[in-house]
Q: 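Supplied in structure tokens, the structure appears directly below.
What you see is a predicted model, and the numbers here were worked out from it, not measured in a lab.
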Amino acid sequence: MKTINVILSGGVGSRLWPLSRKSRPKQYLPIFDGQTLFQNTILRNRELCDSVMVVGNQENYQLSRNDLEEVGIKDYVEIIEACPRNTAAAIAFAALAANPEDILFVTPSDHLIESDGAYEQSVERGLELAKEGYIVTFGLQPTKPETGFGYIESDGENVKGFREKPNLDTAEKFLKRGNFLWNSGMFCFQAGVFLSELAHYQPDVLLHSKNTLESHENGFLDQKLSMEIPSISVDYAVMERTQKIKVVPSSFVWSDMGSFESIYEYLENNGQKRDENGNMVIGSDIHTEFAGLKNTILIQTKDAILVLQKEKAQEVKKVYERLKAEKPELV
């Protein structure tokens with residue numbers, strides 16, 4: 001039995017346009033003390049796991065390879081998806097490529113986590129539960145009524161239910177209740193246990209994932225076979241249905257870096273300047289003045305400028321989706 005850090009790296013970071021593009025999604029931006037979130041993930045989990053497996057896609061696998069080489073990781077397994085089929089399939093590929101008794105510690109590659117005693121303690125508890133045959137998720141103690149995350153209703157380590165991203169009123173109620181945790185999107189379990197549950201609840205995903213993986217060439221998956229896999233999240237496919245679920249309530253510092261509000265907070269905490277009205281410039285050295293504006297972020301790249309009210313950070317995805325249709329060269 002070994003512990004494998006399965007790193008999911010297929011996301012595009014649409015809420016961080018124009019910094020994040022298809023050609024360099026947010027997990028590969030070297031703006032976190034000179035390192036990328038992908039590299040931070042590798043290094044954070046290196047001492048907790050025996051090996052690394054990366055599930056990425058054809059558009060970014062070379063970025064993953066470069067990041068791995070820069071931090072001195074040469075021995076890893078690579079699965080390269082032909083097209084996005086969501087997290088149930090991505091994790092199925094990893095589980096099928098492992099031994100049934102191996103424990104998979106599944107982590108997104110684009111989260112910012114402070115690796116300290118609290119993090120290690122939570123992961124070690126999760127690994128203990130995984131060895132006992134549970135499917136484990138990690139829930140974060142909420143610090144504010146966040147509407148951009150899903151929630152887990154818990155009773156200690158028992159899961160009472162999963163909740164979709166709430167509106168502000170519901171998020172405030174969750175915070176007051178005290179037993180709702182942010183869903184971190186991190187999991188651990190024995191590969192065989194996960195595959196058994198997937199076979200029970202979503203057998204079509206397992207069947208087509210198996211067919212696709214068996215036909216791989218040097219880690220590259222086939223496009224036609226991949227398209228037969230139902231696109232469904234691991235939450236819907238397994239986590240919200242299995243009777244073997246446990247949650248590790250956690251208090252380590254975590255952010256999914258899913259919006260410019262998160263980036264703003266990170267940069268501010270690391271010395272980035274803002275004016276007296278909370279306005280900040282990202283990506284430009286040009287002298288900028290904000291008149292009559294508060295909590296506004298100006299983001300500049302070589303071919304695009306985004307001006308954004310910090311509180312409206314979730315709106316960027318709509319901009320990204322519109323540009324994908326109207327000006328695809330910008331995404």
Q: Rounded at 0.5 Å granularity, tell me how far CG in L16 sits from CD1 in I299.
A: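 Rounded to the nearest 0.5 Å, the CG-CD1 separation comes to 9.0 Å.
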Q: Kindly work out whether a path of hydrophobic side-chain contacts (I/L/V/M/F/W/Y, heavy atoms less than 4.5 Å apart) joins L129 to V123.
A: yes
Q: Measure the shortest side-chain to side-chain distance between L48 and N5 over non-hydrogen atoms and say whether it is less than 4.5 angstrom.
A: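 Result no, sub-4.5 Å side-chain heavy-atom pair not found.
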Q: Under 3.5 Å, side chain of Q272 to main-chain N/O of V281, donor-acceptor pair present?
A: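 Side chain of Q272 to backbone of V281: a pair is present.
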Q: Please determine if R65 and E78 form a salt bridge, counting it only when a charged side-chain N lies under 4.0 Å from a carboxylate O.
A: yes
Q: Supply the atom-to-atom distance S20 OG to K22 NZ, rounded to the nearest 0.5 angstrom.
A: 11.5 Å
Q: Any donor-acceptor pair under 3.5 Å linking the side chain of T87 with the backbone of V234?
A: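 Confirmed, T87 side chain pairs with V234 backbone.
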Q: Is it the case that R44 places NZ or CZ above or below the six-membered ring of Y119, under 6.0 angstrom from the centre and within 45 degrees of the axis?
A: yes
Q: Let me confirm one number: the CD-CG distance from Q39 to L68, rounded to the nearest 0.5 Å.
A: 8.5 Å
Q: Would the distance check show the side chain of T296 and the main-chain N or O of K294 forming a donor-acceptor pair, the cut-off being under 3.5 Å?
A: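 Checking the backbone N and O of K294 against the side chain of T296, a donor-acceptor pair under 3.5 Å is found.
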Q: Report the relative orientation of the aromatic rings in H111 and W254; use parallel for angles under 30°, tilted for 30 to 60°, perpendicular for over 60°.
A: perpendicular
Q: Indicate whether the side chain of N167 and that of T170 have a donor and an acceptor atom separated by less than 3.5 Å.
A: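 The answer is yes; a qualifying pair exists.
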Q: Please check if atom CG in L168 has more than 12 non-hydrogen atoms from other residues, nucleotides or ligands closer than 6.0 Å.
A: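 Atom CG in L168 is crowded, with more than 12 foreign heavy atoms closer than 6.0 Å.
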Q: Using a 4.5 Å cut-off on heavy atoms from C-beta on, say whether the side chain of Y236 contacts that of N86.
A: no
Q: Determine whether I263 and F260 satisfy the following criterion, side-chain contact (heavy atoms from CB on, under 4.5 Å), listing intermediate values before the conclusion.
A: CA-CA 5 Å; I263 296 286; F260 275 110; 4.3 Å; yes
Q: Short question: side chain of N279, backbone of N295 - any donor-acceptor pair under 3.5 Å?
A: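 Yes; judged by distance alone, with no hydrogens or angles, the pair exists.
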Q: Does this structure show an ion pair linking K160 with D155, if we count only N-O contacts that are shorter than 4.0 Å?
A: no
Q: Any non-hydrogen side-chain atom of E81 less than 4.5 Å from a side-chain atom of F93?
A: yes
Q: Which heavy atom in G133 sits nearest to a heavy atom in K244, and how many Å separate them?
A: O-CD, 3.9 Å
Q: Is D75 atom CG crowded by more than 12 heavy atoms from other residues, nucleotides or ligands, each under 6.0 Å away?
A: no
Q: Can you check side-chain hydrogen bond (donor to acceptor under 3.5 Å, both in side chains) on N158 and K246, steps first, answer last?
A: CA-CA 5 Å; N158 295 318; K246 289 285 185 182; 2.7 Å; yes
Q: Check the pair Q300, T288 against side-chain contact (heavy atoms from CB on, under 4.5 Å), reporting the backbone distance first and the verdict last.
A: CA-CA 11 Å; Q300 181 173 344; T288 305; over 6 Å; no
Q: Out of curiosity, does F187 fall in the hydrophobic cluster containing I232 (side-chain heavy atoms, cut-off under 4.5 Å, transitive links)?
A: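 Linked within one cluster.
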Q: More than 12 heavy atoms of other residues, nucleotides or ligands under 6.0 Å from CG of D303: yes or no?
A: yes
Q: Check for me, please, whether Y151 and L175 land in the same ILVMFWY cluster - side-chain distances under 4.5 Å, paths through other members count.
A: no
Q: I'd like to know if E321 and K324 make a salt bridge, using a cut-off of under 4.0 Å between side-chain N and carboxylate O.
A: yes
Q: Treating D275 as the side-chain partner and F290 as the backbone partner, does any N or O pair qualify as donor plus acceptor under 3.5 Å?
A: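 It does not hold such a pair.
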Q: Any chance you could measure T3, atom OG1, to D102, atom CG, to the nearest 0.5 Å?
A: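 Answer rounded to 0.5 Å: 8.0 Å.
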Q: Tell me the closest heavy-atom pair linking H208 and P230, and the distance in Å.
A: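 In terms of heavy atoms, the two residues are closest at CD2-CD, 4.3 Å.
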Q: Shortest non-hydrogen contact from A97 to L213?
A: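 For A97 and L213, the tightest heavy-atom pair comes out as N-CD2, 4.0 Å.
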Q: According to a 4.5 Å side-chain heavy-atom criterion applied to Ile, Leu, Val, Met, Phe, Trp and Tyr, with indirect links allowed, do F189 and I7 form part of one hydrophobic cluster?
A: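 Unlinked, F189 and I7 end up in two clusters.
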Q: Could you go through the salt bridge (charged side-chain N to carboxylate O under 4.0 Å, His left out) check for K131 and E128 one step at a time?
A: CA-CA 5 Å; K131 287 174 185 173; E128 284 175 10; over 6 Å; no
Q: Which pair of heavy atoms, one from S122 and one from P249, lies closest together, and at what distance?
A: OG-O, 4.5 Å
Q: Does any non-hydrogen side-chain atom of T212 lie less than 4.5 Å from one of R85?
A: no
Q: Could you walk me through whether M186 and F105 pass the side-chain contact (heavy atoms from CB on, under 4.5 Å) test, one step at a time?
A: CA-CA 8 Å; M186 295 164 42; F105 178 37; 3.7 Å; yes
Q: Start with the C-alpha gap between R21 and T301, add the side-chain angles, then the distance that decides, and say whether side-chain hydrogen bond (donor to acceptor under 3.5 Å, both in side chains) holds.
A: CA-CA 11 Å; R21 310 286 181 103; T301 65; 3.1 Å; yes
Q: Return the minimal non-hydrogen interatomic distance between S154 and V247, and the atom names on each side.
A: CB-CG1, 3.9 Å
Q: Step by step, would you call I91 with V6 a side-chain contact (heavy atoms from CB on, under 4.5 Å)?
A: CA-CA 8 Å; I91 296 171; V6 176; 5.7 Å; no
Q: Is there a donor-acceptor contact under 3.5 Å from the side chain of N60 to the main chain of N57?
A: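 Yes.
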Q: Can you confirm whether L112 sits close enough to N40 that some side-chain heavy atom of one is under 4.5 Å from a side-chain heavy atom of the other?
A: yes
Q: What I'd like to find out is whether the side chain of F220 reaches to under 4.5 Å of the side chain of Q58, using heavy atoms alone.
A: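 Yes; the side chains approach each other to less than 4.5 Å.
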Q: So if you build clusters from Ile, Leu, Val, Met, Phe, Trp, Tyr with side-chain heavy-atom gaps below 4.5 Å, do Y76 and I4 land together?
A: no
Q: Evaluate whether atom OH of Y264 has more than 12 neighbouring non-hydrogen atoms of other residues, nucleotides or ligands under 6.0 angstrom away.
A: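 For Y264, atom OH is crowded (more than 12 foreign heavy atoms under 6.0 Å).
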Q: F194 versus L104: any side-chain heavy-atom pair under 4.5 Å?
A: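 No, their side chains stay 4.5 Å or more apart.
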Q: Hey, what do you get for CD (E261) to CD (E311), rounding to the nearest 0.5 Å?
A: 6.5 Å
Q: Within a 6.0 Å radius of atom CD on Q121, are there more than 12 heavy atoms belonging to other residues, nucleotides or ligands?
A: no
Q: Aromatic contact between W182 and F149, with the criterion being ring centroids under 6.0 Å apart: yes or no?
A: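 Ring-ring flag for W182/F149: true, centres closer than 6.0 Å.
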Q: Would the distance check show the side chain of T242 and the main-chain N or O of V238 forming a donor-acceptor pair, the cut-off being under 3.5 Å?
A: no
Q: So L181 and F138, do their side chains get closer than 4.5 Å, heavy atoms only?
A: no
Q: I need the minimum non-hydrogen distance between F252 and E114, along with the two atoms involved.
A: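 Looking at all heavy atoms of both residues, the shortest contact is CB-O, 4.4 Å.
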Q: Judged by atom type as modelled, is there a donor-acceptor pair below 3.5 Å linking the side chain of S250 to the main-chain atoms of L140?
A: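 Checking the backbone N and O of L140 against the side chain of S250, no donor-acceptor pair under 3.5 Å is found.
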Q: Judged by atom type as modelled, is there a donor-acceptor pair below 3.5 Å linking the side chain of Q27 to the main-chain atoms of S9?
A: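 At least one qualifying donor-acceptor pair exists.
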Q: Is there a donor-acceptor pair under 3.5 Å between the side chain of D222 and the backbone N or O of S215?
A: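 No: the side chain of D222 does not pair with the backbone of S215.
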Q: How long is the span from the OG atom in S209 to the CD atom in Q202, to the nearest 0.5 Å?
A: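 S209 atom OG to Q202 atom CD measures 10.0 Å (nearest 0.5 Å).
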